[in-house]
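Each chain gets a letter, A, B and so on, in the order its sequence line appears, and its residues count up from 1.
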2 protein chains.
Amino acid sequence: MTATPLGGVITGSLAQHRDGRGTLGIAEFAEVLPFQPVRLFWITDVPQDTARGGHAHKLCSQFMICAIGHIRIDACDGFSERSFELHAGDYLHVPPAIYADVVFAVPRSTLLVLCDRPYEAADYVEDRAALPLAGE
Amino acid sequence: MTATPLGGVITGSLAQHRDGRGTLGIAEFAEVLPFQPVRLFWITDVPQDTARGGHAHKLCSQFMICAIGHIRIDACDGFSERSFELHAGDYLHVPPAIYADVVFAVPRSTLLVLCDRPYEAADYVEDRAALPLAGE
């Protein structure tokens with residue numbers, strides 16, 4: 001049996017301190033990230049129950065953190081599909097060759113994403129029919 | 001005239017894409033960060049007009065991003081004081097030896113902070129009277 005991209009997904013929860021002064025969440029890269037990030041992006045203000053994403057990456061790995069709210073990630077690698085529910089503080093490491101739809105399930109949900117590569121337009125695969133992507 | 005810590009502060013705005021599908025903000029580390037980050041933390045759910053922070057760091061540099069809302073950073077290095085107003089997408093690079101109070105000026109304001117050092121309890125200086133901190 002050959003390893004598939006979805007088999008490389010890792011999920012878990014980051015440390016969070018919550019009290020009357022608010023919420024502080026922490027990602028110590030050496031402890032939780034499988035790579036050295038070179039880019040951070042965040043997505044917020046998304047209308048409830050609508051999806052972002054809708055693409056796979058050929059080479060880029062993404063470490064997705066639900067900082068606020070509730071986010072569902074529907075992942076598919078052309079071999080199988082799986083959905084992941086992230087609440088505040090939960091993360092999902094998404095290796096390359098996984099097509100992901102990111103659904104913002106409650107208002108104000110906010111996603112943080114750490115990436116191991118800079119933005120590269122040629123790294124995006126928006127055609128779901130192209131799955132599974134050829135291994136590198 | 002000797003350089004002071006506050007003289008090393010850098011502020012600016014990150015790229016943001018806003019449309020009916022929401023807001024996407026981006027920090028490409030090689031383009032905007034003066035260091036290689038090893039830690040990310042975020043602060044949210046802070047009651048309006050209350051402050052977080054209230055300390056300086058001996059060695060840690062922090063790249064602060066206002067991802068949502070409006071955040072004011074009151075900074076002091078023992079030589080002078082300065083306040084910075086960050087709206088969504090704005091950043092403030094805070095070198096060591098700067099005492100910072102972070103005021104969350106509107107509801108749901110959210111701060112992202114990239115750091116060049118892991119969490120080290122001994123790096124925090126909470127006594128404002130200890131300013132200015134001795135240079136390393």
Handout entry: Most chain B-contacting option - heavy-atom pairs closer than 4.5 Å, from A:Gly22, A:Ala30, A:Gly25
Key = A:Gly25
Completion exercise
If one checks every heavy atom of B:Ile68 against chain A at 4.5 Å, the contacting part turns out to be side chain
Completion exercise
Applying side chain to side chain contact (heavy atoms under 4.5 Å, CB included) to B:Val9 and not counting sequence neighbours gives B:Leu6, B:Phe84, B:Leu92, B:Pro95, B:Ile98
Exercise for the section: Decide whether A:Val94 and A:Val113 are clustered together by the hydrophobic rule: side chain heavy atoms of Ile, Leu, Val, Met, Phe, Trp, Tyr closer than 4.5 Å, transitively. Expected result: yes
Problem - hydrophobic_cluster_shared for A:Leu131 and A:Val125, side chain cutoff 4.5 Å - result: yes
Handout entry: Hydrophobic cluster membership, A:Leu133 vs A:Ile73, 4.5 Å side-chain cutoff
Key = no
Practice task
Decide whether A:Met64 and A:Leu112 are clustered together by the hydrophobic rule: side chain heavy atoms of Ile, Leu, Val, Met, Phe, Trp, Tyr closer than 4.5 Å, transitively.
Solution key: no
Exercise for the section: Report the option among A:Ala88, A:Pro47, A:Ala51 that has the most heavy-atom pairs separated by less than 4.5 Å from atoms of chain B. Expected result: A:Pro47
Fill in the blank from the handout: Okay, A:Leu111 and chain B: the region with an atom under 4.5 Å from a heavy atom over there is neither
Handout entry: Largest heavy-atom contact set with chain B, pairs under 4.5 Å, which of A:Pro118, A:Pro37, A:Cys115, A:Ala27
Key = A:Ala27
Exercise for the section: Indicate if B:Ile71 and B:Phe41 have the same hydrophobic cluster label, given that clusters are the connected sets of ILVMFWY residues with side-chain heavy-atom separations under 4.5 angstrom. Expected result: yes
If you check both backbone and side chains, which donor-acceptor pairs between chain B and chain A fall under 3.5 Å?
{"residue": "B:Arg21", "atom": "O", "partner": "A:Arg52", "partner atom": "NH1", "Å": "3.0"}
{"residue": "B:Thr23", "atom": "N", "partner": "A:Thr44", "partner atom": "O", "Å": "2.8"}
{"residue": "B:Thr23", "atom": "O", "partner": "A:Thr44", "partner atom": "N", "Å": "2.9"}
{"residue": "B:Thr23", "atom": "OG1", "partner": "A:Asp45", "partner atom": "OD2", "Å": "2.9"}
{"residue": "B:Gly25", "atom": "N", "partner": "A:Trp42", "partner atom": "O", "Å": "3.0"}
{"residue": "B:Gly25", "atom": "O", "partner": "A:Trp42", "partner atom": "N", "Å": "2.9"}
{"residue": "B:Ala27", "atom": "N", "partner": "A:Leu40", "partner atom": "O", "Å": "2.8"}
{"residue": "B:Ala27", "atom": "O", "partner": "A:Leu40", "partner atom": "N", "Å": "2.9"}
{"residue": "B:Glu28", "atom": "OE2", "partner": "A:Tyr119", "partner atom": "N", "Å": "2.9"}
{"residue": "B:Phe29", "atom": "N", "partner": "A:Val38", "partner atom": "O", "Å": "3.0"}
{"residue": "B:Gln36", "atom": "NE2", "partner": "A:Pro37", "partner atom": "O", "Å": "3.3"}
{"residue": "B:Pro37", "atom": "O", "partner": "A:Gln36", "partner atom": "NE2", "Å": "3.3"}
{"residue": "B:Val38", "atom": "O", "partner": "A:Phe29", "partner atom": "N", "Å": "3.0"}
{"residue": "B:Leu40", "atom": "N", "partner": "A:Ala27", "partner atom": "O", "Å": "2.9"}
{"residue": "B:Leu40", "atom": "O", "partner": "A:Ala27", "partner atom": "N", "Å": "2.7"}
{"residue": "B:Trp42", "atom": "N", "partner": "A:Gly25", "partner atom": "O", "Å": "2.9"}
{"residue": "B:Trp42", "atom": "O", "partner": "A:Gly25", "partner atom": "N", "Å": "2.9"}
{"residue": "B:Thr44", "atom": "N", "partner": "A:Thr23", "partner atom": "O", "Å": "2.9"}
{"residue": "B:Thr44", "atom": "O", "partner": "A:Thr23", "partner atom": "N", "Å": "2.8"}
{"residue": "B:Asp45", "atom": "OD2", "partner": "A:Thr23", "partner atom": "OG1", "Å": "2.9"}
{"residue": "B:Arg52", "atom": "NH1", "partner": "A:Arg21", "partner atom": "O", "Å": "3.0"}
{"residue": "B:Tyr119", "atom": "N", "partner": "A:Glu28", "partner atom": "OE2", "Å": "2.9"}

Practice task
Test A:Leu40 against every option in B:Ile26, B:Ile65, B:Leu33, B:Leu14 by the side chain to side chain contact (heavy atoms under 4.5 Å, CB included) rule and name the one that passes.
Solution key: B:Ile65
